[in-house]
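Just so it is clear, the values below take in all heavy atoms, side chains as well, and ignore hydrogens, waters and symmetry mates.
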Amino acid sequence: MRLILTGILTLGLLSACSEERSDDCVGANCTVRTDASVDGGTGTDVGADAGNDAGGDAGLGDANGNDGGPNDLGVRPDATLPDTGLGVAIVDFPPQRSLTDAIRTTIVGHTEASSGVTNVNIGGRAASSTDGFRTFRAEVDLAPGQNRIPVQTSGAGPGGSFVTPEAFVVEIQRDEVLLLSPRDVALDDQNGRIFVTDASLAQLLTVEVATGVRRKISGQEQGGGRAFVEPWGLALDLAGNRALVIDRSSEVLFAVDLSSGDRTPISDETSTGVALEDPVGVALDAGRNRALVVDAGLDAVVAIDLASGARTVLSDATLGQGPPMSAPRAIRLDAPNNRAYVADSSASALYIIELASGDRTVSVGTGPFFIEPWGVELDLGANRVFVGDSGQKSVFAIDLTTGARTVVADLVTGTGDLSDARSLVRTRAGTLYVLDSIQDAVLELDPLTGNRSKIADSNNGVGPHFGGSFGVACHPTDPTAPILVSDIFLESIFSVDPRQGDRQVLTGPGGRGPVLDQPYALTYDVAGNRALVSDPVIDAIVAVDLSNGMRSLVSNEVTGTGAPLNGPRGLVVLPNGRALITDSGANSVVTVDLTTGDRVVLSSSAVGTGPSFEEPWGITLGEGAAFVIDSALGEVVRLDLSTGDRTQVPTGTPILVDPRSITHDGNALYVADFGGARIVRVNTTNGDRVVISDATVGRGPRFVAPTGVAAHPAGYLVVVDERDVAYAVEKISGDRVFLSK
């Protein structure tokens, strides 16, 4: 989002973030832009506007007219001085509020043509410019925690030289270690720290209970030995100064030295015994020098000898008596009673496993039923077990004598966020720590009241969390307009504030109109004040009203004429009241009349010349043509809008690995390469490809699997990742920040 700094002579006027309203002012005099196109006709956003931020953002304000509530910076402007344009400096990247794990990041901006700016100072560093400060950039160092970056301009105007006051315009939270996909937790109570496995970051890390400070223990750039692929289940062997980590993808049980971070496989593909299929949980059975692993593929508990690595089934459908497991997720050892407790998400049950025989019983009793139990923790002193139920966002206590189930915490019991309860640990004092995999957070939970608070997360923006972010769309010209994100898991479209990353569900299950099954790609239809969404499951194009979230059919097998859609993916609006759709099932590009829904094949193996599509996905407009990214070919195809003729953009390197989305910013093409976990710029003339952002190019949180990319009118790229993150990406440095997570 654009952040505006203004100065008139020595008065200096500061206006932050947008043409809507200044949130950062110095002294009593502040400049406010009044742009009627932004704020629903009134052109102002000062005072009480009942939270209406003009249809376009579906009510991102509050009843007092505050766009960001507590996230607003500075004091309210008094709107008394005119905006002459002198001293105006606009920060384009990063957005007003963002999050990173980098120790340094790029700040990029530009000035108004008549600003008179000759110098820009950002965070104590002189910005550089090659065009007389029409554009500028600087690199700033970031300290751990919240960084408030000041910007100051100086120059000359009709009344003489000016220097604007230094004031904060961007806030960047720096977390030294992120939480992106935490999967399991274990507690070192004596040293006041929680261990966490993060599958996406391939890391084992710690969280200090008292401060929330995180540290890397083992993973990328930390520790030697065989690398993690997807570390999942976790158990501590503090006597041996090590952690046991089960890797779900490589099916390896690791021993991790807690001092060095070195990883040593205990059991892998070379070990004897039953082969693991989907290991997700582990417990230490120190008395027998073995680990107990729950495997959701085998529906079994497997014992792994810690000396030899040999694997033996302890309990499954054929070994041990009792009801079989169907998707065991977590295990806790009750050594005094020679048994283990296993949470099974598919059976919606808590199993009790006798270690001597492998016999299984299911805990039964009164109280609310489980839906999808994932976490389990023991409180033997109180003769009970805690169970985290992911399906109903709850934590239960189960009496071990009667089996009675009572709710400890849920959406109505206790205060604080609780979106998931995937893993649990308990301190000797009785406090529970809960891993919430929806919020990607560790919560502290009081089992007496159900109250919970976050001790660690890596989120930016407030509001409902993404469940499966996939597609992204930016307004073509208005940098203040919401960023739209499609969520295939939640069957929803999110509206994201481009300044602070706040999220609202624009439309989802229960809303009005045809039900979305798998909202895939989306685009702005500015003329209709709506978004267009492709859904390859219901084979339809659906419109979503931006003012109220109401859905309506644009085109499907009963709406409009022409061959039915068969797996619509990418879409883009043409200036003539039509849209272009990539139809992956028919390997074609189709035009859709946005009024009638009529469909006409523009390009296919039978229409137009050139190489045939194999799996067309993303599509964008630029240079008087359309460009299609073909996921199967790994190539970009130029499409003539008149004839449907296809011309492959020359192949370059690197080779694209399962590209999903494409955008054109007016100068070049950018491709979201899902398989390569990167964004690639493509020259449409000679096919040259340059990785502009990935694990080795650019600073900040790494991509895991980018699925969508869109050019933002402020000049950066917005990238969504299937790990439920929206990034802002600077196109020259490749620096990345979390815009919304």
Side-chain angles (χ1 to χ4, degrees), residues 184-187 189 194 209 233-235 281 283 292 294 322-323 325 327-354 360-439 441-455:
D184 203 0
V185 292
L187 178 67
D189 204 1
I194 297 169
V209 171
L234 171 65
L292 302 180
V294 287
M325 295 174 284
R329 298 296 182 182
I331 183 169
R332 289 290 187 268
L333 181 70
D334 177 4
N337 294 299
N338 199 31
R339 58 190 177 188
Y341 290 86
V342 173
D344 190 307
S345 62
S346 180
S348 301
L350 176 67
Y351 284 81
I352 304 168
I353 312 292
E354 300 298 331
R360 299 168 301 278
T361 58
V362 172
S363 175
V364 295
T366 59
F369 290 103
F370 299 131
I371 293 180
E372 195 177 0
W374 274 71
V376 59
E377 178 63 312
L378 306 183
D379 181 8
L380 297 180
N383 194 41
R384 62 180 178 176
V385 173
F386 293 104
V387 172
D389 193 306
S390 180
Q392 50 190 326
K393 305 176 182 179
S394 304
V395 175
F396 291 87
I398 296 89
D399 186 286
L400 292 179
T401 300
T402 65
R405 298 174 297 276
T406 57
V407 173
V408 171
D410 61 12
L411 296 181
V412 297
T413 307
T415 60
D417 291 335
L418 183 62
S419 300
D420 187 25
R422 195 58 61 98
S423 180
L424 310 172
V425 290
R426 178 182 174 274
T427 69
R428 287 188 296 271
T431 299
L432 287 173
Y433 292 103
V434 180
L435 179 63
D436 189 318
S437 67
I438 300 297
Q439 299 187 67
V442 178
L443 311 179
E444 183 180 280
L445 189 153
D446 184 337
L448 297 178
T449 64
N451 295 341
R452 52 266 175 192
S453 59
K454 291 181 184 178
I455 67 167

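Looking at Arg452 and Val434, their side chains never come closer than 4.5 Å, going by heavy atoms from C-beta outward. At a threshold of 4.5 Å between non-hydrogen side-chain atoms, the residues Phe386 and Pro447 count as touching. Between Phe396 and Pro368 there is a side-chain heavy-atom pair separated by less than 4.5 Å. Looking at heavy atoms from C-beta onward, Asp399 lies out of side-chain contact with Arg384 at the 4.5 angstrom threshold.
Here Asp436 contributes atom CG and Leu443 contributes atom CG; the two are 5.0 Å apart, rounded to the nearest 0.5 Å. Between Leu187 atom CG and Leu424 atom CG the span is 12.0 Å, to the nearest 0.5 Å.
A side-chain donor-acceptor contact under 3.5 Å links Ser437 and Asp420.
When all heavy atoms of Val364 and Arg405 are compared, the pair lying nearest together is C-NH1, 4.1 Å. Nearest heavy atoms, Tyr341 versus Leu378: CD1-CD2, 3.5 Å. Taking every heavy atom of both residues into account, Pro373 and Ser348 meet most closely at CD-CA, 3.7 Å. Considering all non-hydrogen atoms of both residues, Arg422 and Trp374 come closest at CD-CE3, 2.9 Å. The two residues Glu372 and Ser345 make their nearest non-hydrogen contact at CG-CB, 3.6 Å. Across Ser394 and Ala421, no two heavy atoms sit closer than the pair O-CB, 3.6 Å.
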List the atom pairs, with distances to 0.1 Å, where a side-chain N or O of residues 411-419 and a protein N or O form a donor-acceptor pair under 3.5 Å, not counting sequence neighbours.
unit_1	atom_1	unit_2	atom_2	d
Thr413	OG1	Asp410	OD1	2.9
Thr415	OG1	Asn451	OD1	3.1

